[in-house]
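Data block below; observations after.
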Amino acid sequence: MRIILDAGHGPETAGKRTPDGKMKEFEFNSAVTRLVKKELDNTGIVVIFSHSDDVDVPLRERTSLANKLKVQAFISIHANAYGSNWNEVNGIETYTYLKPSADSILLAKHIQESLCISVERKNRGIKQKDLAVVRDTIMPAVLVECGFMTNKEEARLLQSEEYRLKCAQGIATGIKIWVKNKN
């Protein structure tokens with residue numbers, strides 16, 4: 001079993017940060033992808049990264065890599081935002097494409113449930129949206145939003161090592177359940 005973990009956006013993506021500028025979204029995304037990989041080591045699941053810690057990798061390159069390698073799943077990890085100022089919107093969301101495959105729905109369900117249990121945050125549900133990483137991939141694909149950078153409490157959590165580890169554990173558990181149910 002081979003999967004791609006994608007740290008959404010890139011180190012230079014403008015505007016993707018907390019309102020106070022203390023955290024770029026990519027800092028969270030890349031840290032959590034590394035932790036998920038660590039959680040999946042020794043499970044028989046091979047993890048490939050579609051991003052770089054040094055440069056922004058275009059979305060087309062990320063999805064093309066996944067399709068070329070014919071991986072079994074594509075998981076893009078993000079921190080959410082509502083507007084660009086502090087507000088009360090909070091919680092966890094997982095996205096699939098507008099017309100998701102049954103496998104994408106199951107992958108989203110397992111990740112969403114496991115992540116919400118792990119981090120004990122509001123479950124905002126599984127949603128469909130026309131996002132490049134879930135639209136342009138030929139395998140089950142999801143985009144996971146691990147909390148809102150525009151919510152002061154969640155911004156604080158997103159910057160903590162403990163919360164990042166809980167996110168990684170929840171996402172990895174969801175992936176493992178999905179893989180187990182496929183076999």
Side-chain angles (χ1 to χ4, degrees), residues 1-9 25 28-30 32-51 57-82 89-148 154 164-183:
M1 173 71 63
R2 295 183 312 155
I3 67 168
I4 282 199
L5 289 181
D6 174 62
H9 306 294
E25 182 184 354
F28 172 81
N29 301 347
S30 60
V32 173
T33 55
R34 284 191 299 275
L35 291 168
V36 173
K37 182 183 184 316
K38 197 172 181 179
E39 291 288 320
L40 294 175
D41 283 348
N42 305 314
T43 64
I45 300 170
V46 176
V47 173
I48 301 159
F49 290 146
S50 63
H51 61 279
V57 177
L59 294 175
R60 170 71 62 211
E61 287 182 31
R62 294 171 189 234
T63 57
S64 292
L65 175 68
N67 293 338
K68 185 177 99 181
L69 295 177
K70 295 183 172 81
V71 296
Q72 282 70 48
F74 185 101
I75 298 101
S76 189
I77 296 172
H78 292 254
N80 216 338
Y82 182 76
V89 179
N90 66 88
I92 307 298
E93 299 174 333
T94 301
Y95 286 88
T96 63
Y97 183 53
L98 299 171
K99 296 176 183 172
S101 68
D103 259 354
S104 288
I105 293 169
L106 284 175
L107 179 59
K109 175 182 173 287
H110 294 308
I111 289 174
Q112 179 74 12
E113 288 175 1
S114 298
L115 180 56
C116 287
I117 290 167
S118 184
V119 298
E120 300 177 323
R121 302 301 300 167
K122 178 182 178 181
N123 184 340
R124 294 176 57 91
I126 298 167
K127 301 179 178 190
Q128 284 80 38
K129 198 169 185 180
D130 188 11
L131 302 166
V133 294
V134 296
R135 178 190 63 230
D136 298 338
T137 45
I138 58 174
M139 70 288 305
V142 299
L143 185 146
V144 184
E145 297 279 11
C146 298
F148 282 79
E154 288 190 349
R164 291 175 179 188
L165 180 58
K166 285 180 179 182
C167 287
Q169 290 167 335
I171 293 166
T173 297
I175 293 167
K176 289 187 272 190
I177 293 168
W178 179 77
V179 168
K180 182 180 175 189
N181 288 338
K182 286 188 69 61
N183 295 335

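Starting from 1, each residue takes its place in the sequence as its number. Just so you know, these numbers use all the heavy atoms, side chains as well, and skip hydrogens, waters and symmetry mates.
When all heavy atoms of Ala66 and Phe74 are compared, the pair lying nearest together is CB-CD1, 3.6 Å. Across all non-hydrogen atoms, the minimal contact from Lys37 to Phe49 is CD-CZ, 3.7 Å. Taking each heavy atom of Ile126 and Ala108 in turn, the nearest pair found is CD1-C, 3.7 Å. The minimum heavy-atom distance linking Ser104 with Ala141 is given by the pair OG-N, 3.1 Å. Contact between Ala168 and Leu35 at its shortest, heavy atoms only, is CB-CB, 3.4 Å. The two residues Phe148 and Asn80 have their closest heavy-atom pair at CZ-ND2, 3.2 Å.
Note: Lys109 NZ to Ile105 CD1 = 11.5 Å, rounded to the nearest 0.5 Å. The CG atom of Asn29 sits 8.5 Å away from atom NE2 of His51, with the distance rounded to the nearest 0.5 Å. With rounding to the nearest 0.5 Å, the separation of CG in Asn181 from CG in Leu107 is 11.0 Å. Summarising the geometry, atom CD1 belonging to Ile92 is positioned 7.5 Å from atom CZ belonging to Arg121; distances are rounded to the nearest 0.5 Å. Distance check: Asp103 CG to Met139 CE gives 11.5 Å after rounding to the nearest 0.5 Å. Between atom OG of residue Ser76 and atom OH of residue Tyr95 there is a gap of 12.5 Å, rounded to the nearest 0.5 Å.
Although no hydrogens or angles enter the test, the distance criterion places no donor-acceptor pair under 3.5 Å between the side chain of Thr137 and the main chain of Thr63. Formation of a donor-acceptor pair under 3.5 Å by the Glu25 side chain with backbone atoms of Ala79 is found in this model. In terms of modelled atom types and a separation under 3.5 Å, the side chain of Glu154 and the main chain of Gly91 share a donor-acceptor contact. Within the 3.5 Å criterion, the main-chain N or O of Ala172 finds no donor-acceptor partner in the side chain of Glu39. Although no hydrogens or angles enter the test, the distance criterion places a donor-acceptor pair under 3.5 Å between the side chain of Gln72 and the main chain of Arg2.
Just one of Ser118, Ser114, Cys146 meets the side chain to side chain contact (heavy atoms under 4.5 Å, CB included) condition when paired with Ile171; it is Cys146. Applying side chain to side chain donor-acceptor pair (under 3.5 Å) to Thr94 and the options Glu145, Glu113, Gln112 leaves one that passes, Gln112.
Looking at residues two or more places apart in sequence or on another chain, you find no side chain to side chain donor-acceptor pair (under 3.5 Å) involving Glu61. Remark: Ser50 engages Asp6 in a side chain to side chain donor-acceptor pair (under 3.5 Å) (not counting sequence neighbours).
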Please walk me through it: do Ile3 and Val71 pass side-chain contact (heavy atoms from CB on, under 4.5 Å)? CA-CA 5 Å; Ile3 67 168; Val71 296; 5.5 Å; no
Just do the side-chain contact (heavy atoms from CB on, under 4.5 Å) check on Leu106 and Lys182 with the steps written out, would you? CA-CA 10 Å; Leu106 284 175; Lys182 286 188 69 61; over 6 Å; no
side-chain contact (heavy atoms from CB on, under 4.5 Å) for Ile177 and Lys180? Distances and angles first, verdict last. CA-CA 5 Å; Ile177 293 168; Lys180 182 180 175 189; 5.7 Å; no
Could you check Val179 against Thr43 for side-chain contact (heavy atoms from CB on, under 4.5 Å), going step by step and ending with a plain yes or no? CA-CA 10 Å; Val179 168; Thr43 64; over 6 Å; no
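Residue pairs that meet the salt bridge (Lys or Arg N to Asp or Glu O under 4.0 Å) test with at least one member in residues 126-142, sequence neighbours left out, are Arg60-Asp136, Glu93-Lys127, Asp130-Arg135.
No side-chain heavy atom of Thr173 sits under 4.5 Å from any side-chain heavy atom of Ile117.
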